[in-house]
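Structure record follows, encoded as C-alpha cells.
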Amino acid sequence: MFVDTHCHLDFLPQPAQQAEQARLQGVGAIVVPAVEPSNFEAVRELAHSLPGVGYCLGLHPCSVNGLEEQALELLKNQLEAHHADPRLLGVGEIGLDLFDQGLRQDRMNHFFIEQLRLARHYELPVVLHVRKAQDQVLAGLRRFGIRQGIAHAFNGSEQQAQAYVAQGIVLGFGGAKHLHPCSAHSSSCLLAV
Ligand SMILES: [Zn+2]
C-alpha cells in the first residue's frame, strides 16, 4: 500500500473525488498538512469525513509573514484540544525557507522553533518544508529531540539526507521539479508501507 505523506487535499477543487481516485490507485492513506489557522478546520473536517485521511496542524514558513503571534497561541490551543484525535498525525507543515528572499527570517525562525517545542510537548511527528535550510532545520530537530517526521520535496546533499534519516526523518522527493514547492500543492510524497 502507498501512503501519500503530503497532499493539500483541501486546496483541490474536488477533494473527495480526488481522494477516492487515489484510493483506487492503491493510495491507502493520505496526510493533509495545514498551512495556517484559516485552514485548520478544513483539514480536520476532511480527515474526519474521508476514509484513510489524516491531518496535521501547523504554520507554514511561507505563511508566517502574514501571521500574528497569536497564530502560535491558536495552534497551541488546537493541539491541546485535539492531540488525542487519532486522525491528527503531526505538527505541520512547518520549516524554514531561505530560498524565498521575501520571507522574514527572524520571524520564520521564531515560528519554527516554537512549533518544534509544541511537537516535542505533544510528542507528535513533524511535516517539514525545507529549502536552502537543511542544516538549520536539522539543528532544530536535534535541539528538541524530535525523531519522527517527514521532509517533503527534499533537495539537500547526500550527506544531509543521511543526517535526516539518522534523525528518524523520512525523505520525500516529489515536487523537486517544481520551482517553488510552496505553490506546488499537488507535490505529493508517496511512501510504500
Ligand atoms: Zn505543502
Side-chain angles (χ1 to χ4, degrees), residues 2-15 18-19 22 27 29-47 50 52-67 71-72 74-75 78-79 87-105 107-109 111-112 114-116 118-119 124-134 136-138 140-141 146 148-156 161 164 169-191:
F2 288 105
V3 177
D4 186 334
T5 62
H6 193 114
C7 179
H8 294 281
L9 258 187
D10 57 313
F11 294 167
L12 301 177
Q14 297 180 307
Q18 280 157 304
V27 179
I30 298 176
V31 182
V32 186
V35 293
E36 55 182 56
S38 64
N39 81 329
F40 285 2
E41 199 57 45
V43 297
R44 181 164 47 243
E45 274 180 18
L46 277 176
L50 300 176
V53 175
Y55 71 105
C56 302
L57 295 175
L59 308 170
H60 195 292
C62 298
S63 296
V64 300
N65 274 11
L67 295 177
L72 277 171
L74 206 141
L75 173 62
Q78 291 276 311
L79 291 174
R87 299 269 173 160
L88 177 69
L89 303 177
V91 176
E93 178 173 357
I94 68 173
L96 296 175
D97 192 319
L98 302 184
F99 178 80
D100 188 335
Q101 303 281 317
L103 299 171
R104 286 179 49 195
Q105 285 190 27
R107 194 154 185 78
M108 201 161 43
N109 271 319
F111 273 69
F112 179 53
E114 291 307 313
Q115 292 185 94
L116 288 178
L118 289 172
L124 286 165
V126 289
V127 172
L128 297 165
H129 170 104
V130 190
R131 285 207 305 172
K132 292 208 170 225
Q134 276 80 14
Q136 295 92 324
V137 166
L138 190 59
L141 297 173
I146 290 174
Q148 293 183 87
I150 179 155
H152 89 113
F154 189 82
N155 60 1
Y164 272 75
I169 305 298
V170 177
L171 303 179
F173 299 97
K177 66 183 183 296
H178 296 283
L179 188 64
H180 197 311
C182 289
S183 56
H185 290 298
S186 60
S187 66
S188 296
C189 296
L190 288 180
L191 177 71

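Predicted model, so just to flag it, every value in this text is computed and none were measured. Along the sequence shown, the residues carry numbers beginning at 1. Counting starts at 1 for both ligands and their atoms, in listed order. Scope of the values below: all heavy atoms of this structure, side chains included, with no hydrogens, waters or symmetry mates.
The aromatic rings of His8 and His6 stand perpendicular to each other, their planes meeting at an angle above 60°, with 30° marking the opposite boundary.
Across Leu59 and Glu36, no two heavy atoms sit closer than the pair CD2-CA, 4.0 Å.
Qualifying side-chain hydrogen bond (donor to acceptor under 3.5 Å, both in side chains) partners for Gln18, counting only residues two or more places apart in sequence or in other chains: none. For Tyr164, the ring-ring contact (aromatic ring centres under 6.0 Å, His included) test picks out Phe154, with sequence neighbours left out.
At a cut-off of 2.8 Å, His152 does not coordinate the Zn ion (ligand 1) through any N, O or S atom. Backbone or side-chain N, O or S atoms of His8 reach the Zn ion (ligand 1) at under 2.8 Å.
At the Zn ion (ligand 1), the vertex angle linking OE1 of Glu93 with NE2 of His6 is 100° (nearest 10 degrees).
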